[in-house]
Amino acid sequence: MVSILALLALGGVALAQYGNSGGSGSSSSSSSSAAPSPTATALPSGVHAVQVGNGGFNFQPESLTVPVGDTVEFFFHPLLHGVAQANFDDPCHPANDSAFWSGFMSVQSGVGSTSFKLKINSTEPIWYYCPQTTLKHCQSGMVGVINPPSGGNQTIEAFKDAAKNASTSSNPASVQGGIVGTADQVASSSGSAASSSPSGGLGAPNAVASGSLVGVILALFGVFVAV
Ligand SMILES: *[C@@H]1O[C@H](CO)[C@@H](O)[C@H](O)[C@H]1NC(C)=O
Ligand SMILES: *[C@@H]1O[C@H](CO)[C@@H](O)[C@H](O)[C@H]1NC(C)=O
Ligand SMILES: *[C@@H]1O[C@H](CO)[C@@H](O)[C@H](O)[C@H]1NC(C)=O
Ligand SMILES: *[C@@H]1O[C@H](CO)[C@@H](O)[C@H](O)[C@H]1NC(C)=O
Ligand SMILES: [Cu+2]
């Protein structure tokens, strides 16, 4: 047990030093950027995730079937994306004055801590896009659909093809139609990481937790000594 605590303490000191080396004055550059993979944790039931701009100008999944009454939660990735509702005929522009719009979400790394939740009220197709004009996200294929028609020529491929031809893109005038708030996955995964991570089988969760606390305290002490 003593050696475990010592290891944890050393780890804490190392982390503290690492954190210290990067900061120039500001001490609060947070560890929240270490957000776990968005697929790592379960969402509340009835909530369906769409990743926005995760490694490319796209939505994942770009086509999603969602029951009436459920919610789609959009999670934002770097650097600056948004979600707005279009009509099938005009992929890169707001459907009308009441088209939903998340606003542009600025994310530096990982998954943004703010999400956009959209309630699904019918089985009608919902076509959407990212209106970022820099690098023409919509025209590059950053479009998606919820509850696509089961047949016919209104497909996500046709929507994407039409988007390529759009000469401009634009966003709705105001954020509306959904809820901008704390992202479910980011919040729940940081909470569950501490309790569910086996930490290499070091021992019971309580022992690990108290060891970590000692580590943090010793790490703070280490910084104090270093300064
Ligand atoms: C706006 O467009 C959407 C998508 O076509 C449609 O479902 C909605 O009824 C329209 N709203 C108004 C007020 O026209
Ligand atoms: C889709 O089908 C309709 C008739 O069902 C037709 O009028 C329209 O031109 C078709 N659009 C495309 C892009 O093929
Ligand atoms: C896009 O533009 C090309 C060339 O102008 C045209 O051939 C094609 O039919 C257009 N596609 C759509 C989906 O509008
Ligand atoms: C569903 O209804 C809610 C409440 O009126 C509204 O805020 C939301 O924008 C609607 N969802 C869609 C996809 O239009
Ligand atoms: Cu985008």
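This structure is a prediction, so every number in the text was calculated from the model and none was measured. The figures that follow rest on heavy atoms only: side chains count, while hydrogens, waters and symmetry mates do not. We count ligands from 1, going down the list as the structure has it; atoms in each ligand are counted the same way.
In terms of polar-atom proximity, defined here as any N/O pair under 3.5 Å, Gln85 makes no such contact with ligand 1. Backbone and side-chain nitrogen or oxygen atoms of Asn165 are examined, and one is located within less than 3.5 angstrom of a nitrogen or oxygen of ligand 3.
Within the 4.0 angstrom cut-off, atom 13 (C) of ligand 4 has one or more protein heavy-atom neighbours.
Taking 4.5 Å as the limit, every side-chain heavy atom of Val143 sits out of range of all side-chain heavy atoms of Glu62. Using a 4.5 Å heavy-atom cutoff, the side chains of Ser113 and Phe76 are not in contact.
One finds no salt bridge joining Asp70 and Lys119 here, because no Lys/Arg side-chain nitrogen approaches an Asp/Glu carboxylate oxygen to under 4.0 Å.
Here is the list of ligand 4 atoms found below 4.0 Å of a heavy atom in Leu118: 13 (C). Numbered from 1 in the order shown, with element, the atoms of ligand 1 that lie under 4.0 Å from a heavy atom of Ser98 read 11 (N), 12 (C), 13 (C). For ligand 1, the atoms closer than 4.0 angstrom to any heavy atom of Asn87 are 4 (C), 5 (O). Heavy-atom proximity to Ala95, at under 4.0 Å, picks out these atoms of ligand 1: 2 (O), 4 (C).
When the options Asn121, Ile126, Val72 are ranked by their closest heavy atom to atom 3 (C) of ligand 4, first place goes to Asn121.
Residues Asn87 and Phe159 approach most closely at O-CE1, 3.6 Å, considering heavy atoms.
With hydrogens and angles left out, the side-chain atoms of His93 and Thr168 include a donor and acceptor closer than 3.5 Å.
Given atom 8 (C) of ligand 4, the protein heavy atom at minimum distance is Gly177 O, 3.3 Å. Counting protein heavy atoms only, atom 6 (C) of ligand 1 is closest to Asn96 ND2, 4.1 Å.
In this structure, CG on Asp90 lies 10.5 Å from OG on Ser169, to the nearest 0.5 angstrom.
Distance check for Cys92 and Cys138: the SG atoms are under the 2.5 Å cut-off.
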